[in-house]
Amino acid sequence: MELLNLIKKRRSIREYQDRQISKNDLAMILEAGLYAPNAGGRQQSMIVGVHNRTLVNEIGRLNLTKFDRSKLAGFFVSKEQPSVIDDQAIQNGFYGAPAVCVIFSEKDFLYGLADAFCCAENMVLMAMTLGISSCIVARGEETFANNYGMKLLGDWGIPKNYIARCFVTLGYVAGTYPGEKKRNAGRIRIVE
Ligand SMILES: Cc1cc2nc3c(=O)[nH]c(=O)nc-3n(C[C@H](O)[C@H](O)[C@H](O)COP(=O)(O)O)c2cc1C
């Protein structure tokens with residue numbers, strides 16, 4: 001798929017089939033993340049690909065435990081693929097995706113957050129080329145701010161000065177892939 005077309009067609013997917021993605025595809029998506037632009041050329045972000053459905057669901061539930069959705073009631077994200085804000089009954093911040101990538105960066109690095117989301121964008125586009133659906137999910141730090149979360153970070157060898165910034169869920173869309181989303185007008189200028 002030609003790049004601009006692929007960018008226009010990508011949507012955040014929040015309903016997944018049970019089918020797991022292959023480890024080979026996961027490896028390519030992680031590699032795409034590594035090649036993202038990065039502040040100062042420091043390449044400090046780290047990415048963990050979780051390819052275990054049970055663990056993904058556990059972390060997905062932790063992703064919502066500290067999220068006060070009542071404060072966002074009234075916001076609207078998506079009719080076709082309701083988010084945790086649209087449907088307060090959703091208990092899993094990863095929407096039942098079979099795999100998730102966790103993107104970490106140094107806690108005190110000024111551009112840590114920006115670096116992480118650059119990785120995430122590379123990864124969702126790479127996933128799209130492989131026919132894999134995805135959704136960028138926030139609340140990284142809060143998700144691991146509990147005993148179980150801290151144990152996972154230790155098991156994964158994440159240095160103490162790193163924090164989770166965001167996630168990229170991965171899987172195959174259940175049902176129909178939503179269509180291109182209309183853009184708000186008047187948001188670009190070309191100045192000569
Ligand atoms: C910084 C950032 C944080 C996001 N966090 C979440 C999230 O926590 N949960 C979620 O379902 N979607 C999340 N999204 C996805 C957006 O809701 C989605 O990109 C937006 O509604 C536009 O829809 P589209 O991606 O289908 O074009 C996030 C996207 C970005 C860029």
Side-chain angles (χ1 to χ4, degrees), residues 1 3-17 29 32-33 36-39 45 47-48 50 56-105 109-145 149 163-185 187-188:
M1 211 185 300
L3 184 60
L4 182 59
N5 197 23
L6 181 134
I7 288 171
K8 287 179 167 181
K9 289 211 159 27
R10 183 219 50 82
R11 294 294 312 277
S12 294
I13 296 304
R14 304 186 182 88
E15 289 174 18
Y16 291 94
Q17 298 173 25
I29 293 166
N38 53 92
S45 298
I47 317 172
V48 174
V50 184
V56 175
N57 285 335
E58 282 169 5
I59 304 169
R61 279 191 289 274
L62 290 179
N63 177 258
L64 289 181
T65 47
K66 293 197 175 150
F67 185 36
D68 184 0
R69 289 185 265 181
S70 60
K71 292 211 170 97
L72 293 161
F75 274 75
F76 176 73
V77 179
S78 172
K79 205 181 289 174
E80 305 135 301
Q81 297 273 328
S83 87
V84 294
I85 296 171
D86 302 317
D87 181 352
Q88 307 256 326
I90 295 174
Q91 297 300 320
N92 180 342
F94 302 157
Y95 305 101
V100 75
C101 298
V102 192
I103 307 173
F104 295 89
S105 59
F109 181 41
L110 179 60
Y111 297 114
L113 184 65
D115 271 7
F117 280 93
C118 285
C119 293
E121 180 62 10
N122 265 22
M123 292 163 74
V124 297
L125 293 179
M126 183 68 216
M128 186 83 186
T129 66
L130 297 169
I132 292 171
S133 297
S134 64
C135 184
I136 293 176
V137 171
R139 299 175 297 283
E141 191 172 4
E142 304 90 298
T143 301
F144 295 96
I163 53 171
R165 300 290 191 168
C166 62
F167 304 90
V168 174
T169 66
L170 297 169
Y172 295 95
V173 63
T176 314
Y177 198 92
E180 211 174 292
K181 204 169 180 177
K182 210 167 160 261
R183 295 294 113 179
N184 293 339
R187 296 194 299 142
I188 55 177

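Whatever order the structure lists them in is the order used to number ligands and atoms, beginning at 1.
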Whether over 12 other heavy atoms sit under 6.0 Å from Phe109 CZ | yes
Taking the side chain from Arg11 and the backbone from Glu180, do they hold a donor-acceptor pair closer than 3.5 Å?
-> no
Using a threshold of 4.0 angstrom between heavy atoms of the protein and any atom of ligand 1, which residues qualify?
-> Arg10, Arg11, Ser12, Arg14, Val77, Ser83, Tyr95, Phe117, Cys135, Ile136, Val137, Ala138, Arg139, Lys181
What pairs meet the side chain to side chain donor-acceptor pair (under 3.5 Å) rule with one or both residues in residues 89-105, with sequence neighbours excluded?
-> Asn57-Asn92, Ser105-Arg165
Kindly write out the residues that satisfy side chain to side chain donor-acceptor pair (under 3.5 Å) with Arg10, not counting sequence neighbours, or none if the list is empty.
-> none
Would you find a donor on one side and an acceptor on the other, under 3.5 Å apart, between the side chain of Gln88 and the backbone of Arg69?
-> yes
Side chains of residues 76-83: which donor-acceptor partners sit under 3.5 Å, not counting sequence neighbours?
| from | atom 1 | to | atom 2 | distance (Å) |
| --- | --- | --- | --- | --- |
| Ser78 | OG | Glu80 | N | 3.4 |
| Ser78 | OG | Gln81 | N | 2.9 |
| Ser78 | OG | Gln81 | O | 3.4 |
| Gln81 | OE1 | Arg14 | N | 2.4 |
| Gln81 | OE1 | Glu15 | N | 3.1 |
| Ser83 | OG | Ile85 | N | 3.0 |

